[in-house]
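Notes follow once the structure below has been shown.
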Amino acid sequence: MKIVYFGSPDFAVLPLQKLIEAGHEILGVVTQPDRKKGRSQELCPTPVKEFAVKNGLQVFQPEKVNLPEEIDAILALGAELFVTVAFGQLLKPELLYGTKFGAINLHASLLPKYRGAAPIHYALWKGEKITGVTTMYMNEGMDTGDMIYKAEYEILPEDNTEKLYEKLAVIGAGLLCKTVEDIGKGVAPRIPQDNSEASYATLLKKEHEIINWQQTAKEIFNHIRGFNSWPVAYTLCDGKRLKIWEAVAIDEKASAAAGEVLGFDNLGVKVCCGDGSVLLLQTVQPEGKGRMKASDWARGKQLTKGIQLG
RNA sequence: CGCGGGGUAGAGCAGUUGGCAGCUCGUCGGGCUCAUAACCCGGAGGUCGUGGGUUCAAGUCCCUCCCCCGCAA
């Protein structure tokens, strides 16, 4: 199959690699322009671009993929199918329907749930037990096209967003290859989405990062792991940021204010949450410092019982 | 030169107006205990990031450079 691949972040690298290994011909790779990153504001290529360059693929980095000249250039490659994986821009009809087989997308949720930009973050954050990946034909909407295949994944207690990204990339890459193959054979199904079941994983915002200690320990646990390893949930201690990388809800009850430190030991720092539930902070990161065990932080700070977080 | 915090024992930190380098944890040895992530006693472990400077004396004051990190993008 002659394919033009649209993708940007790490998640989109493995699916591209698997398509190549499956023998498909990648005529070009479209990815986001290099962006400024880090403290020194250096321009950085997307992971997909790095991979594409390393493999000698032709790379396109349009600021706006829907400009007429960009559309013409991409269509001129002569692809039979467009494949998108976390590309970051919506495609206009000229691109969506401009090839023999159309355009398909690999999405990291079980559609129609969690359409949008951050499906993996939301699945964990909202406490889902099951999530997965879906392949679909694209249309003008945001992840609203007809579905082709799904693969489910049961979320484990130790999963966080970073780990789930890696796992779903593996599952998704396999599902995508099967999807492309079946499209070629003309046997891929078209399953319309039930819009009444749809939900959206909108872009994460700054105010989503701060922990609300009024929530139960279980809810905060899901918040924290859903935000690991990016953008990382935090609370305030002495007016400074304290990122919480890892924590678990423990089977204890306390009668204290939400956000009050109950004490600490070698396992971590216990904090009272909503309904008297208790969260054990395990890995934290104070402003200007590296990531450390919560117990180390507490010892160095000579943390005392009763300190209020948040 | 976007703003800011920081580099002191294996880990996390303190170190006041320059004057013998400390705390908690870990580690090693011993003790207590049915037992312990518990408790008691004892020990080891540091060129205070680098290179200069000021001083009788620098972790501490001045300058150089390197490295780590928070915010912002």
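Proteins get letters first, then strands, A, B, ... in listed order; numbering begins at 1 in each.
Relative orientation of the A:Y114 and A:Y122 rings is tilted, given thresholds of 30° and 60° on the angle between their planes.
The pair A:R115-A:D143 does not count as a salt bridge, with every side-chain nitrogen at least 4.0 angstrom from each carboxylate oxygen. Salt bridge status for A:E63 with A:R35: present, with a side-chain N to carboxylate O gap under 4.0 Å.
With C1' as the reference atom, B:rU17 and B:rG12 are 28 Å apart, rounded to whole Å. B:rC32 sits 49 Å from B:rU50 when the C1' atoms are compared, rounded to a whole Å. With C1' as the reference atom, B:rA21 and B:rU47 are 14 Å apart, rounded to whole Å. Look at the C1' atom in both B:rA72 and B:rC28: the space between them is 47 Å, to the nearest Å. The gap from the C1' atom of B:rU55 to that of B:rG19 amounts to 12 Å, rounded to the nearest Å. Rounded to the nearest Å, the gap between the C1' atom of B:rG53 and that of B:rG43 is 40 Å. Separation of the C1' atoms belonging to B:rG4 and B:rG10 is 30 Å when rounded to the nearest angstrom. Nucleotides B:rC61 and B:rG18 have their P atoms positioned 9 Å apart, rounded to a whole Å.
Atoms CZ and CD1, from A:R291 and A:I244 in turn, are 12.5 Å apart once rounded to the nearest 0.5 Å.
At least one test fails for A:K167 against the ring of A:Y153: distance under 6.0 Å to the centre or angle within 45° of the axis.
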Listing, residues 303-310 of chain A side-chain donor-acceptor contacts under 3.5 Å, not counting sequence neighbours, or none:
| residue | atom | partner | partner atom | Å |
| --- | --- | --- | --- | --- |
| A:Q308 | NE2 | A:A258 | O | 2.6 |

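Of the nucleotides present, none pairs with B:rU54 by Watson-Crick or G-U wobble criteria with both distances under 3.5 Å. Nucleotide B:rG2 has B:rC71 as its partner under the Watson-Crick or G-U criteria, with both atom distances under 3.5 Å.
In the 5' to 3' direction, nucleotides of RNA chain B lying under 4.0 Å from heavy atoms of chain A begin and end at B:rG2 to B:rA73.
No engagement by A:K240 is indicated, since no non-hydrogen atom pair under 4.0 Å with the nucleic acid exists. Using a 4.0 Å heavy-atom cutoff across all strands shown, A:N266 reaches sugar-phosphate atoms only and no base atom. Using a 4.0 Å heavy-atom criterion, one finds that A:K36 contacts the bases of the nucleic acid, with or without backbone contacts as well. Heavy atoms of A:R299 sit under 4.0 angstrom from at least one base atom.
Between A:K293 and A:Q302, the residue anchored nearer the 5' end of RNA chain B, judged by the nucleotide with its closest heavy atom, is A:K293. In this structure, A:R291 and A:R241 both approach RNA chain B, and ranking their closest nucleotides by distance from the 5' end singles out A:R291.
Applying the under-4.5 Å side-chain rule to Ile, Leu, Val, Met, Phe, Trp and Tyr, the cluster around A:L75 extends to A:V4, A:F6, A:L27, A:V30, A:F60, A:V65, A:I71, A:I74, A:L77, A:F82, A:F87, A:L91, A:L95, A:L96, A:Y97, A:M138.
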